[in-house]
Structure formats: C-alpha cells, structure tokens
Amino acid sequence: MADDKKLPKRSEDFSAWYNETVLKAELADYSPVRGCMVIRPRGYGIWERMQRQLDSSFKDTGHQNAYFPLLIPESFLHKEAEHVEGFAPEVAVVTHGGGKKLDEPLVIRPTSETIIYAMFAKWVQSYRDLPLLINQWANVVRWEMRTRLFLRTLEFLWQEGHTAHATEAEAQEETIKMLNVYRDFMESWMAMPVITGMKTDAERFAGAVRTYSCEAMMQDNKALQAGTSHNLGQNFSKAFDLKFQTEAGGTEFAFNTSWGVSTRLIGGLVMTHGDDFGLRVPPLLAPIELVIVPIWRTDDDKTRVMEAARNITATLNGWERRKTGKLRVHLDDREGMSPGAKYYEWELRGIPLRLEFGPRDLDANQCVLVRRDNRVKRTVTLDSIGEDVADLLSMIQTDMRVDAFERREANSYRGDISYDKFREIMEGPGGFVYAGFCGSGECEQAIKEETKATIRVLPDEEFRSAEPPMKCLKCGRGSVAEALWARAY
RNA sequence: CGGGACGUGGCGCAGCCCGGUAGCGCACCUGAAUGGGGUUCAGGGGGCCGCGGGUUCAAAUCCCGCCGUCCCGACCA
C-alpha cells in the first residue's frame, strides 16, 4: 500500500488533483524556466491526434498550412491600436542579437496577426486572390503572471487560422464556420460539450470586431474557454494596408478572420473526464485504445498465455474499422510487475479499454474486457473479440460525451434568479448561470469584482432558454441579451 | 508589485524549538520467490541540508543578507 501513488480526491482539491494527475500520468513536466512546460510523449501523443483531426478539418474547409516567423518587429505590434494595448503587457522582447543591441527590438509572437497580415498585404492584389485561407501550427509566448500546466503556460503550442475575404458577409460566415469546426471536434472527438456564442466587449480579442468562443464546463464547475474565432473586420487590413482591387475596379480593404485552439485542450480534456483513478481519455484521442494485460501463475502458463496474448494482439492490431481505422492496441508484456499494478497504471493513463487474459481464459476461449470510463468488467468470447472491442470503444466515446453533457446541465441554472442566489452559487459550488444582461459594461464589471464570475458568452440561439430571462441580473432593468455567467480558468 | 508559507538524495517528507557531523517512505539497482486489483524477503547505490556571511571547539539546526519556489490578490487562451 503505497500511499504516495494515490491521487488527491478530486472532490476535495481539484487543483491538486489536476496537477498531480498531469504529472503522474506523465503528460507533462515542469521546465527549468518558471511557467514553461515540457510536454512528454504521452501528452504529445494526444496532441498529435488532436492535430491530425483538426488539420484534416481545415483541409476540408479549404485551408492551407504555412509558417510565419517567431520574431516580429516591435513596430508591427503598434500598428493596430487596440491590439498593442491588449498584448503589450505580456510580450517577451528580444533586445540583443549577435552580441549587439538591436536597433529595433523584436517581440516573440504572442499571436501572429501582425506578421501574417503584413505578408498578406504583399500577396493580395485583386479580388481574384481572395479568399486567402491560411493556417499555421506554431508556438507562441505570452508572459503570464500565474501559470498552470497546459491551461496557461508562458509558451504554448497552437494552431492559428488567418483568412482574408472580399466581403464582410464572407468573413462573418468564415468566423462562424470555424467556430463550428471547433465545436464539432470538441464534442465528437474530445467528448466535451461546449456552449458557443459571442463575447462581450470586455472579453473580446484585442483588435477584433466580434469574438466567438467555445466554453466548456470543468468538473469543478468552472468554465474553460476552449477555442475562439474572431471576425477582425478591416482593423488589421487597414493597419497593414491589405487592400485589393474589386471586380468593379475600385479599391477596398480586405476583411479578416482569425481562430485558434491550443494545447490548453489537453488540460480541458483532463479536467472534463478525469476521475479519482486518473485520466480518462476518449477512444478517438487515445494513442492506445486497448491494452492487453496477460496473467500467469507458472512458467508453463506463462508460455501458453503469452503466445495466445501475442496472437490476440496481432489480430486486434490489424482490425480495420469503417470510420476510425485500425485499432490501436498495446500488449503489456512487462515481467516482474503484478497484474494489479499494471491495471492501476493503465487506469492512471486513461487507456479506454483493458483486456485481461489468463490461463482460465485461455482454456475457456474467452477474456475479460474492462472499460476505463465506468470500470465495468465483462467476460467475452474470443471468437468475436474484434467486433466486441470496436463496439465497446464507440460506446465509451458516446457515454463519455453524454456523461459530460449531463454533468454540465445538472450544474446549470436558467431563468430569472436573484442576485443573492447568484452570489450563493458563485461563492459555493459554482456553475453556469444563464441570466439577463442589460448590456452595460458597469454591471458586467461590478459582478466580476463581487463574485469573480464573468460573462463567458452571449449564447448562440440553440443554447438560449425557451423563455429568456427578462431582467438584468445586476441592475434589474430589462435585459438586451441572455448571458452565460461563470467563473473561469 | 502587496499578504502568507516553504527550500534537506529523483519525488514526498522528518530532523531545527533544545547545535554534536543526516534519517524515513516511495522510486532506482542486484538476487530469489510471487503473479486474476497497487507482491514479499534479503542486499545495494545515491545527499556542497537553496546560496553567502556571522556566532561557536562544533551549524541542516542559532543570527544577518541574498536567491528561488508555491499559495492568495492584480493579468490572461
């Protein structure tokens, strides 16, 4: 009984649970530099699967990958007034190069709007060059004061899409389209349901006309902004002289959009699905979907069991499914480690399905399948093992999404509520509160100061209440919009 | 930058009050037995006790200074 192997109880200290789970499951480690993070192979494997799926969605929507420089002239940042104001406090600046002080400092990109639209300006001449649909996979640096593994690190990996369009309407359509690409990915692949909607001015991206966001609920009932999509209007095209000749022969500034998701998604995955035994990774994102743990007593058994286990592994590894490709199977043939110890380890890592196989099973032509999501065991025959495993995995994917959805709904509050009740919720268990909003920044600010809750989004139509709250949560005046309030990461 | 706590093998900690030359658990290495939910026994390696100075015959321990980390606020994907 090694106590230090156990994780803190999620219900007692969610933050401690989160940190220890991420470290013990070996997703990441701390770096020598404060606030930076080392993503270990297990964490990176999940990120690679995320990348692959997102990237193919981007290709499907006509985007091409490109790469832009890490270093940006400081003056670029200053060309868009709101943008520099938003990002200046958190940029890292390079002042020396080649042993000499630079004439103009270079900033390490906190995001790439400026350098990308400077390049777009060179590439675009006529409406025929539009739309220009670009995505880049990159790292960015933001000098945050307080950091947290995956959720807020000084440096993080992300993808940022940048597009230029001939019309406002087309840019708006793109903004919403990519928001929905994110939403589909988060719900279908991460099994993490999200609320989409527009941000208020207070939370809008610095330099955007409109910002849209996907907001997920974590298990401590706090919100996580999981992905954003911005309609930049002509703010950047004007700043970087990104204009084109129209079909009619006139000159017009292009309309831009940008959108991104980051390694923060991994943190969201952990905080959405983890339990007291560690990670739970949805099958579609799991680098290993099924782990086979062989069991034996005598050397004789060992030989027979291992041989059969290798055969099962070979069969399953080649198993082709209709949509999700070949099964990803791993045989845990480590010796000198008890089966129980292996179970705990694989559970900590969140592998969705475990196959236990011992002498008794061998004789009966069967095995035991154990789901990671609910830890339910089932004895099944080996005759149809491929189908059974494939079915179980897709069931796990669905069940995890439904679980997360139901948890979110159980912690959501709708309809007019008193401000006292609201405070009680925010200071107590937390949750998503759908409440009226008069549209005044003063009410928004006052609530933030008093309860730490912010308007996550003004929810899209499908998330709004059947009978929307009529009164502003704070001032009691008639509301102009329904707002989703929550404390956030 | 304000308020609090803490720096001791890879990790987590005890020792400090009351000075005497460093210990525990886990991890790691070797051997044997074990193996259907965190095995057991035996043996072993590894530590400028955050850094610098002071007091003392003697400092992990007392005093001063510095550095660093974490938590709470201001910032934020």
Side-chain angles (χ1 to χ4, degrees), chain A residues 1-8 13 15-16 19-20 23-24 26 29-35 85-91 110-111 139-148 150-160 182 199 202-206 211 213-216 223-230 258-268 277-278 293-302 305-306 332-348 354-364 366-368 370 375 377 379 448-449 452 454 456 488-489:
Chain A
M1 284 298 162
D3 277 357
D4 80 322
K5 282 189 183 173
K6 288 181 186 151
L7 298 166
D13 188 344
S15 292
N19 278 323
E20 290 209 17
L23 293 172
K24 286 188 174 162
E26 297 182 359
D29 204 348
Y30 293 111
S31 87
V33 176
R34 176 199 74 93
E85 195 184 321
F87 282 101
E90 59 185 42
V91 289
T111 177
N139 57 338
V140 289
V141 169
R142 296 182 188 178
W143 216 264
E144 304 291 350
M145 293 174 189
R146 295 183 62 188
T147 58
R148 209 152 192 255
F150 287 115
L151 297 182
R152 185 170 297 106
T153 44
L154 289 195
E155 179 190 6
F156 56 92
L157 304 182
W158 76 349
Q159 105 352 261
E160 49 182 323
Y182 288 155
K199 289 285 192 184
E203 302 264 329
R204 210 184 57 226
F205 175 78
T211 288
S213 163
C214 298
E215 298 283 330
L224 183 76
Q225 180 172 310
T228 48
S229 183
H230 314 289
S258 72
W259 26 275
V261 296
S262 72
T263 37
R264 170 177 255 207
L265 289 179
I266 298 172
F277 293 92
V293 180
I295 300 152
W296 62 81
R297 220 176 291 253
T298 63
D299 278 353
D300 214 31
D301 284 344
K302 179 180 164 182
V305 166
M306 280 309 298
D332 186 354
D333 57 2
R334 287 174 295 180
E335 298 193 22
M337 193 175 175
S338 74
K342 290 181 180 178
Y343 300 164
Y344 276 95
E345 188 179 311
W346 292 110
E347 283 175 356
L348 173 62
R354 177 173 80 236
L355 188 155
E356 304 175 6
F357 183 73
R360 291 208 297 269
D361 301 308
L362 179 57
D363 296 336
Q366 63 180 29
C367 67
V368 177
V370 189
R375 304 177 87 231
K377 294 192 182 193
T379 302
K448 182 177 180 181
E449 280 166 16
K452 291 182 192 161
T454 50
R456 302 319 305 152
Y489 277 101

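FYI, side chains are in, hydrogens and waters are out, and symmetry mates aren't considered; it's all heavy atoms of this structure. First the proteins, then the strands, lettered A, B, ... as listed; each starts at 1.
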How close or far is atom [atom2] of [N] from atom [atom1] of [X], stated in whole angstroms?
| X | N | atom1 | atom2 | result |
| --- | --- | --- | --- | --- |
| Asp29(A) | rC11(B) | CG | P | 10 Å |
| Arg334(A) | rG35(B) | CZ | P | 19 Å |
| Asp13(A) | rC70(B) | CG | P | 16 Å |
| Glu26(A) | rG10(B) | CD | C1' | 13 Å |
| Glu335(A) | rU39(B) | CD | P | 16 Å |
| Arg142(A) | rC75(B) | CZ | C1' | 12 Å |
| Leu362(A) | rG36(B) | CG | P | 17 Å |

Classify [X] by what it touches in the nucleic acid, base, sugar-phosphate, or nothing, heavy-atom distance under 4.0 Å.
| X | value |
| --- | --- |
| Arg375(A) | base |
| Glu144(A) | base |
| Lys377(A) | base |
| Glu215(A) | nothing |
| Thr454(A) | nothing |
| Val368(A) | base |
| Tyr489(A) | nothing |
| Pro89(A) | nothing |
| Leu151(A) | base |
| Arg34(A) | sugar-phosphate |
| Gly227(A) | nothing |

Using atom [atom1] of each nucleotide, how far apart are [N] and [M] to the nearest Å?
| N | M | atom1 | value |
| --- | --- | --- | --- |
| rC41(B) | rU34(B) | C1' | 11 Å |
| rU30(B) | rG46(B) | C1' | 15 Å |
| rC17(B) | rA59(B) | C1' | 15 Å |
| rC57(B) | rG15(B) | C1' | 23 Å |
| rG37(B) | rC70(B) | C1' | 35 Å |
| rA58(B) | rG20(B) | C1' | 7 Å |
| rG50(B) | rC75(B) | C1' | 29 Å |
| rC49(B) | rA22(B) | P | 11 Å |

Check: Pick the nucleotide of RNA chain B nearest each of Phe205(A) and Gly35(A); which residue has the one closer to the 5' end?
Finding: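 With Phe205(A) and Gly35(A) compared, the 5'-side residue is Gly35(A).
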
Notebook entry, point to check: Closest nucleotide of RNA chain B for Met145(A) versus for Arg204(A): which of these residues is on the 5' side?
Noted result: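 Mapping each residue to its closest nucleotide by heavy atoms, the 5'-most match is Met145(A).
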
Check: Closest approach of Thr454(A) and Ala488(A), non-hydrogen atoms and distance?
Finding: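 In this case the closest contact between Thr454(A) and Ala488(A) is OG1-CB, 4.4 Å.
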
Checklist line | Non-hydrogen atoms of Tyr182(A) and Thr228(A) that approach each other most closely | finding: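 Reported closest heavy-atom pair: CE1-O, 3.5 Å.
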
Next item on the list: Map every base of RNA chain B to its dot-bracket character, where paired means a Watson-Crick or G-U wobble contact with both distances under 3.5 Å and | marks a partner outside the strand.
Entry: ((((((((.[[[[.)....(..]]]].((((((.....)))))).....[[[[[..)....]]]]])))))))....

Is it the case that the base of [N] and the side chain of [X] share a donor-acceptor contact (distance under 3.5 Å, atom types as modelled)?
| X | N | result |
| --- | --- | --- |
| Asp361(A) | rG36(B) | yes |
| Lys342(A) | rG36(B) | no |
| Glu20(A) | rG12(B) | no |

Between protein and nucleotides 29-32 of chain B, what N or O pairs are separated by less than 3.5 Å?
none

Next item on the list: Measure from the side chain of Ala341(A), starting at C-beta and using heavy atoms only, and say which of rG35(B), rG37(B), rU39(B) lies closest.
Entry: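 Of the options given, the side chain of Ala341(A) lies nearest rU39(B).
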
Margin query: Let's see if you can work this out: which of rG37(B), rC75(B), rG73(B) has an atom nearest to the side-chain heavy atoms of Lys452(A)?
Written below: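 Of the candidates, rG73(B) comes closest.
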
Next item on the list: Run through Gln225(A), His230(A), Arg204(A) and flag the one making a side-chain hydrogen bond (donor to acceptor under 3.5 Å, both in side chains) with Thr211(A).
Entry: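 So the option named by the test is His230(A).
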
Next item on the list: Indicate whether OP1 or OP2 belonging to rG35(B) is found under 4.0 Å from a side-chain N or O atom of Ser338(A).
Entry: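 No, because none of the side-chain N or O atoms of Ser338(A) sits under 4.0 Å from OP1 or OP2 of rG35(B).
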
Notebook entry, point to check: Is the aromatic ring centre of Tyr344(A) closer than 5.5 Å to the centre of the six-membered base ring of rG38(B), with the two planes inclined by less than 30°?
Noted result: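 Stacking is present between rG38(B) and Tyr344(A), given that their ring centres fall under 5.5 Å apart and the planes under 30°.
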
